[in-house]
J.: 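Here it is, the structure, as structure tokens.
Keep in mind it's a predicted model, so treat the numbers as computed, not measured. Sequence lines set the chain letters: A, B, ... in the order given, protein chains first and strands last, and positions in each chain run from 1. Heavy-atom basis, side chains included; hydrogens, waters and symmetry copies ignored.
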4 protein chains.
Amino acid sequence: MTGEARRPHTGRRRNEAARRAILDVAVDLLGRPGDTPVTIDTIAAAAGVGKQTIYRWWPSKGAVLLEAMAEHAGTAIPVPDTGTLRGDLEAFLTATFRAAGERLTATVLRHSMAEAQRDPHAREQMRALIETRRRVLRGILERGRERGEVSAGSDLDLMVDQAYGVLWYRILTGHAPLDDAQAAELARALSAQAG
Amino acid sequence: MTGEARRPHTGRRRNEAARRAILDVAVDLLGRPGDTPVTIDTIAAAAGVGKQTIYRWWPSKGAVLLEAMAEHAGTAIPVPDTGTLRGDLEAFLTATFRAAGERLTATVLRHSMAEAQRDPHAREQMRALIETRRRVLRGILERGRERGEVSAGSDLDLMVDQAYGVLWYRILTGHAPLDDAQAAELARALSAQAG
Amino acid sequence: MTGEARRPHTGRRRNEAARRAILDVAVDLLGRPGDTPVTIDTIAAAAGVGKQTIYRWWPSKGAVLLEAMAEHAGTAIPVPDTGTLRGDLEAFLTATFRAAGERLTATVLRHSMAEAQRDPHAREQMRALIETRRRVLRGILERGRERGEVSAGSDLDLMVDQAYGVLWYRILTGHAPLDDAQAAELARALSAQAG
Amino acid sequence: MTGEARRPHTGRRRNEAARRAILDVAVDLLGRPGDTPVTIDTIAAAAGVGKQTIYRWWPSKGAVLLEAMAEHAGTAIPVPDTGTLRGDLEAFLTATFRAAGERLTATVLRHSMAEAQRDPHAREQMRALIETRRRVLRGILERGRERGEVSAGSDLDLMVDQAYGVLWYRILTGHAPLDDAQAAELARALSAQAG
DNA sequence: AAGTAAACGAGACGGTACGTCCTGTCTTCTT
DNA sequence: AAGAAGACAGGACGTACCGTCTCGTTTACTT
């Protein structure tokens, strides 16, 4: 007669289909070219969902957008293992730039970062997502250090920021594209800088 | 030779004091802690100005914010001439990071970049401002190349983006500060990468 | 050959306690001072009942309110028999005004009448209730007519409406109280008018 | 050089056309048969007006509705002077019943009274309107008293309520019509009661 | 000095989105 | 079955902000 932590749940359960529809629609609207404003009403209507269903699960519009972005951009970039720092960096950055440079994704990222500047909830989610991503790249650099490819004095965090900085800076300002060549050159530069 | 460009001007002239008040108030409100909403009404009221006076001279809210930001962050970083690339970079980046890292300025930059993502006018102004800044840093690198401190194959634009990328990335996400040490390390890294 | 009319009922039977709780809570909430919103959620929560239990037995919110009102105000006013029309009227109207004039009851009546204007179900129930009440008063008048106390030309329905009209008019607008003195005076007036 | 109470007004003035459109549309929607819900959005849209323009001038939906009703039902019933109480009452009540009994007006009155039960602003306006109307009828009775047609002991307020009570009671419950015959009979009854 | 043109502070306007609230229905597990 | 719990679609509420449009006033240049 042990068990005591009862009340597993009562009442209707969250509708997963609605959740999916909301996030999918959000990405879709966010990625639309032109300055289409992405509204909660618009999202709700397009997802065939009541507004309250959105606000029941997310604290604000920004939170929805950020989660949608995280799911969309969430395809984990596989951590490569080519044996050399430069190879690993090139593989990782090429995949990353390729994913982020894709028009739809880039648009989504742009607006998500903007949203994160005004909505505290979005800001928090952005911080978490950024942190996750930085950790992966930092892991690659640490492995390089273990192999002796990175000098002791190197500031790994700065290197990570140089890479992601280029990515975000270009996405936000649009002054230059993100392509494989850029990724390769950046990999070369960073591994040289490290040695 | 009567000329034609007549009608020099008639009526009241633009009130410079109002212009100043508007831009100053914009920066002030933008920099306020806690998510103070910066609206045109708020700006107009705080500047003791009618809304129409704002819209008479700027096409949109974003345009006001961007101009305010440009004026605030506009203290030109002097182009140093230390004789070496590393010295120049360190001087320039230190001054730049110091200016941008200041709390008020960083907040203004954050929100301006966000505004630039939705307001086409702001976007255009941001692009121009970014371009101006990039050109200065690129000039420093070019001078280094002329001195033979930068290898022929270096992608100067990418180097510029690595520097400004770090700056914006940190301002926007706030995961790490912008200080002199970071600037120095970045200068070291970039000059090493260049050689 | 047990016949066929089997299965008289299966499953759980209607919970009378829940019914009572719902109606009691409805009256209680309706009578609360300060514009407490009386919603289905509020009623369900306060009655410790699921919303569906309400909608299983009543077609709409208005129907619940009206039934609650009918039960609350339902204490049948005894039909008096004093021997004279004026005596009967005075007894009846005094009891009626006393009941309806009570603060809680008046508030419940007010809101029920309002609800009856928008909810068709409530409207129907209100009509039935009104009809029942009118019939009682009309009966008193008819008995007076049989006794020769009411002239042939008198419009009994109009007299009934004069009495209930005063009651509802005062409850709805609150410009004057419903008390024994008013009831007595009205009884006097109506019996004079009838003669 | 006396005058000092300056600043007559500054800024754009209230748009009278918008005010008219709002009130007209409100009456129109309120009077629609069937249980068409009357929404602020609907009113705004039909009047070609922004919602804020409504909320700038009225504190709530109910207040708009009540003012619309007051304007619509506001055609002052002329105070008759036939020389006798019964004549005056008959003239006044006939005109009043005829106006209030008209389908559109009756519907508007019904819903306004309902609104007055939940919206405090509407309630206040209703009270004022009711008071104004009662005063007029009371004036007629007072004149009758001066002529000696009303006995000293008569409760004039009660008589007023008997008349308006019948009117509202029938409008709200719809169990009997308001027509000239009813008005005449009521006039006869009240003047008899008074004597 | 009178006339004319533009800029100004004030503030109402149409429109659009926000986030909350409520209704009546549907779903899940329990009694 | 009926019940408690609670999620759902739909839709109205009242607020906030944007960019535009009057008002009446003030400041400058032109006759």
J.: What is the distance from CD1 of B:Ile54 to P of F:dC17, rounded to the nearest Å?
T.: 14 Å
J.: Mapping C:Glu16 and D:Thr42 onto DNA chain F by nearest heavy atom, which one lands closer to the 5' end?
T.: C:Glu16
J.: Think D:Arg12 has a side-chain N or O under 4.0 angstrom from the OP1 or OP2 of F:dT22?
T.: yes
J.: Do any side-chain nitrogens or oxygens of D:Arg13 fall under 4.0 Å of OP1 or OP2 in F:dG24?
T.: yes
J.: What integer distance in Å separates B:Asp35:CG from F:dA16:C1'?
T.: 16 Å
J.: Nearest-Å distance, CD (A:Glu115) to C1' (E:dA17)?
T.: 12 Å
J.: Among all residues two or more places apart in sequence or in another chain, which pass the salt bridge (Lys or Arg N to Asp or Glu O under 4.0 Å) test with A:Arg118?
T.: B:Glu115
J.: When rounded to the nearest 0.5 angstrom, what is the spacing between CG in A:Leu172 and CG in B:Leu172?
T.: 6.0 Å
J.: Base, sugar-phosphate or nothing for D:Pro37? Non-hydrogen atoms, less than 4.0 Å.
T.: nothing
J.: Do any side-chain nitrogens or oxygens of D:Thr53 fall under 4.0 Å of OP1 or OP2 in E:dG14?
T.: yes
J.: So what does D:Lys61 touch, heavy atoms closer than 4.0 Å: a base, only the sugar-phosphate, or nothing?
T.: sugar-phosphate
J.: Rounded to the Å, how far apart are B:Leu29 CG and F:dC17 C1'?
T.: 15 Å
J.: Between D:Gly50 and A:Asp41, which is nearer to the 5' end of DNA chain E once each is assigned its nearest nucleotide?
T.: D:Gly50
J.: Between B:Lys61 and B:Asp119, does a salt bridge (charged side-chain N to carboxylate O under 4.0 Å, His left out) hold up when you go through it step by step?
T.: CA-CA 8 Å; B:Lys61 188 178 79 155; B:Asp119 181 336; over 6 Å; no
J.: If you check the D:Gln52 side chain, which of F:dG10, F:dC17, F:dG14 turns out closest?
T.: F:dC17
J.: Could you tell me whether the phosphate oxygens of E:dA17, OP1 or OP2, come under 4.0 Å of any side-chain nitrogen or oxygen in A:Thr39?
T.: yes
J.: Reading DNA chain F 5' to 3', how would its secondary structure be written in dot-bracket notation, given Watson-Crick and G-U pairs with both distances under 3.5 Å, brackets [ ] for crossing pairs and | for partners on other strands?
T.: |||||||||||||||||||||||||||||||
J.: Between B:Arg56 and E:dC8, is there a side-chain N or O to OP1/OP2 distance below 4.0 Å?
T.: yes
J.: Is C:Tyr55 close enough to E:dG24 that one of its side-chain N or O atoms is under 4.0 Å from OP1 or OP2 there?
T.: yes
J.: When we call it a touch if two heavy atoms are under 4.0 Å apart, what does B:Asn15 touch: a base, just sugar-phosphate, or nothing?
T.: sugar-phosphate
J.: When you match B:Val49 and A:Gly11 each to their closest nucleotide on DNA chain E, which lands nearer the 5' end?
T.: B:Val49
J.: Within 45 degrees of the axis of the six-membered ring of B:Trp57 and under 6.0 Å from its centre: does B:Arg14 put its NZ or CZ there?
T.: yes
J.: At under 4.0 Å, does any side-chain N or O of D:Trp57 touch on OP1 or OP2 of E:dA12?
T.: no
J.: Between the main-chain N or O of A:Met113 and the side-chain N or O of B:Gln117, is there a donor-acceptor pair closer than 3.5 Å?
T.: no
J.: For C:Glu67, which of C:Arg19, C:His121, C:His72 qualifies under side-chain contact (heavy atoms from CB on, under 4.5 Å)?
T.: C:Arg19
J.: Heavy atoms from C-beta onward define the side chain here; which of F:dG14, E:dC18, E:dA10 lies closest to that of D:Thr10?
T.: E:dA10
J.: Between A:Ile43 (CD1) and E:dC18 (C1'), how many Å, whole number?
T.: 12 Å
J.: What about B:Lys51: does its side chain form a donor-acceptor pair under 3.5 Å with the base of E:dG9?
T.: no
J.: Rounded to whole angstrom units, what separation is found between the CZ atom of D:Arg19 and the C1' atom of E:dC13?
T.: 17 Å
J.: A side-chain contact here means heavy atoms from C-beta on lying under 4.5 Å apart; do B:Arg110 and B:Leu30 qualify?
T.: no
J.: Can you check the A:Ile40 CD1 to F:dG11 C1' distance for me, whole Å?
T.: 16 Å
J.: Heavy atoms under 4.0 Å, any strand shown: does A:Trp58 hit a base, just sugar-phosphate, or nothing?
T.: nothing
J.: Which one of C:Ile22, C:Val25, C:Val38 satisfies the side-chain contact (heavy atoms from CB on, under 4.5 Å) criterion with C:Val64?
T.: C:Ile22
J.: Atom CG of C:Asp119 to atom P of E:dC22: distance rounded to whole Å?
T.: 17 Å
J.: Can you check whether A:Ile43 reaches A:Leu65 side chain to side chain, under 4.5 Å on heavy atoms?
T.: yes
